[in-house]
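Structure first, commentary second.
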There are 2 protein chains.
Amino acid sequence: MSSRLKDVAARAGVSVRTVSNVVSGAAPVAVETRRRVQEAIDELGYHPNLAARSLRAGRTGIIGLAIPELHSPYFSELAGLLVDEARRRSWTVLIDQTHGDAEAERRLLTPGGGRVVDGLIISPWALDPAELAAAQPSAPLVLLGERHPNGAADRVAVDNVTAADEATSHLIGLGRRRIAAIGTQPHLRNGTAQLRTEGYLRALDRAGLLHDQDFQRSVRALHRADGARAMDELLDGPASPDAVFAFSDELALGALHTAHQRGLRVPEDIAIVGFDDIEDGRYSNPPLTTVSPDKQQIAERSLQCLADRIYSPANTTPPQEITVPHRLVARSTT
Amino acid sequence: MSSRLKDVAARAGVSVRTVSNVVSGAAPVAVETRRRVQEAIDELGYHPNLAARSLRAGRTGIIGLAIPELHSPYFSELAGLLVDEARRRSWTVLIDQTHGDAEAERRLLTPGGGRVVDGLIISPWALDPAELAAAQPSAPLVLLGERHPNGAADRVAVDNVTAADEATSHLIGLGRRRIAAIGTQPHLRNGTAQLRTEGYLRALDRAGLLHDQDFQRSVRALHRADGARAMDELLDGPASPDAVFAFSDELALGALHTAHQRGLRVPEDIAIVGFDDIEDGRYSNPPLTTVSPDKQQIAERSLQCLADRIYSPANTTPPQEITVPHRLVARSTT
DNA sequence: CTGAAAGCGCTAACAC
DNA sequence: GTGTTAGCGCTTTCAG
């Protein structure tokens, strides 16, 4: 155990109060005293004990980030931005992976479930919107990428319906008519997948195209392997598509992989558009057309929400629904 | 602020001592008393205050993980494994991004620099091996992927020299003779890049191939863009290579991208091998040959090192150098 | 088996 | 400008 405030005080011949003032700058200290104290601090290699400080302040300076999987590029890019943005606000980030496990998500939302954090950002996956809405978190909460009606938490997300509509319309505008969707998740009641499906169907309707059930491929997870599998199913199916809208870039890259394996030309034989704008898509062969959510803004606004509530506990502003901009980035798979 | 131990005690009509025993199970409690206490806990929604517990215990249950960048697939995959492995040991992980900034790395190694953590895992980038060796961290420290002679910390890494030698020899075995390397970092004295260069040159020597300075391309970072740029330089150079060993998969994928842009066939015109075995490489077109370090073992052994020192502070075992296995995964770029 | 009380290291109200 | 001191909420001796 290292030295404490008391040790520094003794060495500098002052009281702990003075040392504390020097360290935290809470009150002015005479220049000569400050020098002596600083000297003692350096000699003893003193550093404040954060646990004690937290206990006193009732704050830890730590915020929690709960995402399904860190290894998924979209989440890791977002997590990176959040960590940087948090540092800018003098917070550090505690990371949790839920692996899309409902139990893990539930635990986080239970008061005390992870009560070291001043605030929590969670990207839910398996949990019902209803359950999310009913959550009574012990610290300010921000929900990412979810529809969250009447909930107790702020929410930050892109307009998934519109974005999916645009992606699909982009394919329609290119003359494609047999457009499949990869990434529905009927088993999950997953808000995001539902919204993207909605946008996809809306675009088909507007163009007078039929809904072909065989063209809606569900997946268990959003990994490349799932996309590859879905593409296989699609190509083995009765009618083969001339375009695919994948609900994530990873799915799209998996689909692209399968297309190549089978000797299909992209985009000539089949066009592909993804969602997320992860870096891999910029360097894939060919580079992937995708919907690009403004991740930087997601990070900034999420932390802003937390800050607003953490620093003003009396703040009773109703939960906000923040929609972050997105844009379609046309590259070479369409 | 929620309820405290005292509140529960008052409500259950017992002392805090008893409540504490019920919560922590430190000492046996009469069955009827325990029931009453549990009831009070439930009614009040009591949850222990972690800051107070940490202050008392001198431990936080948090370990720090410092990596250059979270958005880099290799690091995010590794971080994901570390987070999972940490949870298995009842730790949570606080993540820091250094962005390869020497100052940021130095701060972490300074006692108190990040003194909330019981232990620290750091993947150094910009810091001199000498400086690392001299570090006097305030908590047990594990260094990732670095050569760290006579240091004060445990180290976990693959055998970079051998691995690089194998990758290069693989290309030589395929009949390639003009083999370039992408990823040297002469400006950094970066241990990892140096070791891989060493292995690369060793393989060339063994095969009696000359060292062509033009074939050693340095990079500023290990991103796809750097690999793409290096590949451009290589192809614009005097002699064009028939194979490339990239020091990371990201660099390799960038190089692959450039090769495609220029209409080169991979592997016919130019073979490519990477390092890291990130998931993108498994689904790239064509799939990438790479050196695969056993990331799961890196995670496990790192945490084991920390556990050994955290739970036995008296432990004066000299710093360990742990070498984790790797294997060459031949896919379609060679 | 349970109660009373000390103290982990820090901050801030209250003196002077 | 500086010293003294009361807790923040918890665990853990020491008594009983």
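First the proteins, then the strands, lettered A, B, ... as listed; each starts at 1.
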Could you label the plane-to-plane angle of the B:H71 and B:H223 rings as parallel, tilted or perpendicular, counting under 30° as parallel and over 60° as perpendicular? tilted

Can you work out whether B:A52 or B:V14 has the more 5'-proximal nearest nucleotide on DNA chain C? B:V14

Contact nearer the 5' end of DNA chain C, comparing B:A30 with A:S20: B:A30

Indicate whether the side chain of B:Q296 and that of B:R301 have a donor and an acceptor atom separated by less than 3.5 Å. no

NZ of B:K6 versus C1' of C:dA5: gap in Å, rounded? 13 Å

A:L5 has its side chain closest, among C:dG3, C:dC10, D:dG1, to C:dC10

CD-OH distance between A:Q38 and A:Y46, expressed to the nearest 0.5 angstrom: 11.5 Å

Could you say whether A:L55 or A:V16 is positioned toward the 5' end of DNA chain D, judged by the nucleotide with the nearest heavy atom to each? A:V16

For the pair made of CG in A:L44 and P in C:dG9, what is the distance, rounded to whole Å? 14 Å

May I ask you to verify if any side-chain N or O of A:R4 is less than 4.0 angstrom from the OP1 or OP2 atom of C:dG9? yes

Between P of C:dC1 and CZ of B:R36, the distance in whole Å: 15 Å

Atom CZ of B:R35 and atom C1' of C:dC1 are separated, to the nearest Å, by 17 Å

Roughly how many Å is it from CG in B:L50 to P in D:dC10, rounded to a whole number? 10 Å

Nearest-Å distance for atom pair CZ/C1', residues B:R17 and C:dA6: 14 Å

Does A:T18 make a side-chain N or O approach to OP1 or OP2 of D:dG3 shorter than 4.0 Å? yes

Whole-Å gap separating P (C:dC10) and CZ (B:R53): 21 Å

So, OP1 or OP2 of D:dT2: does either fall under 4.0 Å of a side-chain N or O from A:T33? yes

Thinking salt bridges, do A:R107 and A:E103 make one under a 4.0 Å N-O criterion? no

Residues in side-chain hydrogen bond (donor to acceptor under 3.5 Å, both in side chains) contact with A:E43, at least two apart in sequence or another chain: A:R11

Separation of atom CG in B:D7 from atom P in D:dC10, rounded to whole Å: 9 Å

Of the listed nucleotides (D:dT2, D:dC10, C:dC8), which one gets closest to any side-chain atom of B:Y46? D:dC10

Tell me which nucleotide among D:dG3, C:dA6, D:dT13 gets nearest to the side chain of B:R56. C:dA6

